[in-house]
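Below: the structure, in structure tokens.
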Protein chains: 2
Amino acid sequence: MKVPAHARAHKRQELSVLTRHLRGQSRKITGPRQAILEILRRHPHPMTNREIFAAMPKGRCDLATIYRAMHLLEEMGMVKRFDFGDGAARFELVGEGDDGHHHHLICTRCAGVVEIDECFLREIESRIAARNRFKAVTHKLEFFGICPACQR
Amino acid sequence: MKVPAHARAHKRQELSVLTRHLRGQSRKITGPRQAILEILRRHPHPMTNREIFAAMPKGRCDLATIYRAMHLLEEMGMVKRFDFGDGAARFELVGEGDDGHHHHLICTRCAGVVEIDECFLREIESRIAARNRFKAVTHKLEFFGICPACQR
DNA sequence: AAACAACTGCAATCGGCTTGCAATTGAGCG
DNA sequence: CGCTCAATTGCAAGCCGATTGCAGTTGTTT
């Protein structure tokens with residue numbers, strides 16, 4: 001499964017970005033937070049907190065710390081939360097200037113993930129907003145299917 | 001928030017449908033199952049198991065029974081599962097001949113639900129399937145926003 | 001009416017996630 | 001550089017949706 005464009009493009013200076021953003025809010029640049037970003041940077045697809053925890057050099061930090069860090073990073077817009085419907089949140093690094101909005105195609109057999117870079121719903125979104133007089137309409141969309149390997 | 005077309009159209013003879021379907025699999029037509037369908041029929045929007053439980057005449061059955069029943073009804077295609085991203089599954093009755101596929105517009109303030117009858121993604125779905133050589137591609141899509149009432 | 005599989009209630013349990021609290025640590029400052 | 005204090009962390013307890021093992025109950029079939 002290929003690495004998507006947005007992964008290639010943006011994932012360089014998370015640390016400096018982190019530093020800048022955190023400093024601006026009098027928050028601290030800590031080991032766990034750096035480690036999490038480092039792990040996410042190396043990983044092409046959304047990860048659960050548990051996966052991040054497992055990827056961390058031998059219990060370098062507590063699982064609760066990861067949960068807390070992900071909330072923080074999400075608030076700061078450095079990370080995007082995805083929901084694959086299996087009850088565990090997944091997170092992906094967001095490149096600078098990118099809003100991180102995209103979708104996934106998930107194999108229901110092996111749980112492999114393909115990123116779908118385009119989003120086709122922007123226009124439909126505003127149509128729906130107008131028609132129902134809603135404001136600030138967003139959407140969550142994921143595709144599911146059976147990947148080539150699992151078809152055999 | 002209006003009652004959507006598919007709700008008006010199909011929710012009549014669930015009991016006979018239930019009977020037929022269950023008989024075909026040597027399963028039983030029990031009080032709890034009838035009660036659940038009755039409740040879903042009266043309710044225009046997807047319900048959580050807890051809500052179904054609460055709507056049931058004074059602890060008429062156990063919560064675990066509802067969880068089990070919903071799995072069964074889902075397998076039988078009589079009920080459709082939705083995920084609004086708040087960690088609780090929701091279920092909606094599926095009309096006969098209908099596959100129950102549609103989407104929702106959910107208010108992030110008051111949790112009100114509007115059904116979106118159309119689905120715009122069938123074509124995109126097959127494009128994505130072809131492009132990635134996936135089979136049996138489906139999708140989950142929900143819209144979120146702020147409803148008229150909550151905007152004031 | 002009997003017989004048996006399906007079903008239910010109950011209680012224990014699981015997994016994701018959150019939280020209170022005491023101990024630790026990073027950042028600004030003298 | 002070392003001090004100070006708020007931010008952060010680890011730990012353990014706990015919450016909530018959901019699942020499960022088991023013993024007792026019930027629907028269906030004959």
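Remember, predicted model here, so these are calculated numbers, not experimental data.
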Inset, instruction - Could I get the full list of salt bridge (Lys or Arg N to Asp or Glu O under 4.0 Å) partners for B/Glu75, not counting sequence neighbours? - result: none
Legend entry - Between C/dG16 (P) and A/Ile52 (CD1): distance, integer Å: 13 Å
Inset, instruction - Please check if the distance between the ring centroids of A/Phe84 and A/His104 is under 6.0 Å. - result: yes
Legend entry - Whole-Å gap separating P (C/dA27) and NZ (A/Lys28): 8 Å
Legend entry - Interatomic distance, A/Asn49 CG vs C/dT19 C1' [rounded to whole Å]: 16 Å
Inset, instruction - Could you label the plane-to-plane angle of the A/Phe143 and A/Phe120 rings as parallel, tilted or perpendicular, counting under 30° as parallel and over 60° as perpendicular? - result: perpendicular
Legend entry - Partners meeting side chain to side chain donor-acceptor pair (under 3.5 Å) with B/Asp86 (sequence neighbours left out): B/Arg90
Legend entry - Nucleic acid contacts - residues 30-38 of chain B versus DNA chain C, non-hydrogen atoms under 4.0 Å: B/Thr30, B/Pro32, B/Arg33
Inset, instruction - Give a yes or no on whether the ring-centroid distance for A/Phe144 and B/His139 is below 6.0 angstrom. - result: no
Legend entry - Selection: residues 59-78 of chain B, any non-hydrogen atom under 4.0 Å of DNA chain D: B/Ala64, B/Tyr67, B/Arg68, B/His71
Inset, instruction - Grab the CG-C1' distance between A/Leu22 and C/dA27 for me, whole Å please. - result: 12 Å
Inset, instruction - Identify the 5'-most and 3'-most nucleotides of DNA chain D with at least one atom closer than 4.0 Å to a non-hydrogen atom of chain B. - result: D/dG17 to D/dT29
Inset, instruction - Mind listing the residues from residues 81-88 of chain A sitting with a heavy atom below 4.0 Å of DNA chain C? Number order is fine. - result: A/Gly87, A/Ala88
Legend entry - salt bridge (Lys or Arg N to Asp or Glu O under 4.0 Å) between B/Arg81 and B/Glu74, worked out: CA-CA 7 Å; B/Arg81 178 188 299 258; B/Glu74 188 186 10; 2.9 Å; yes
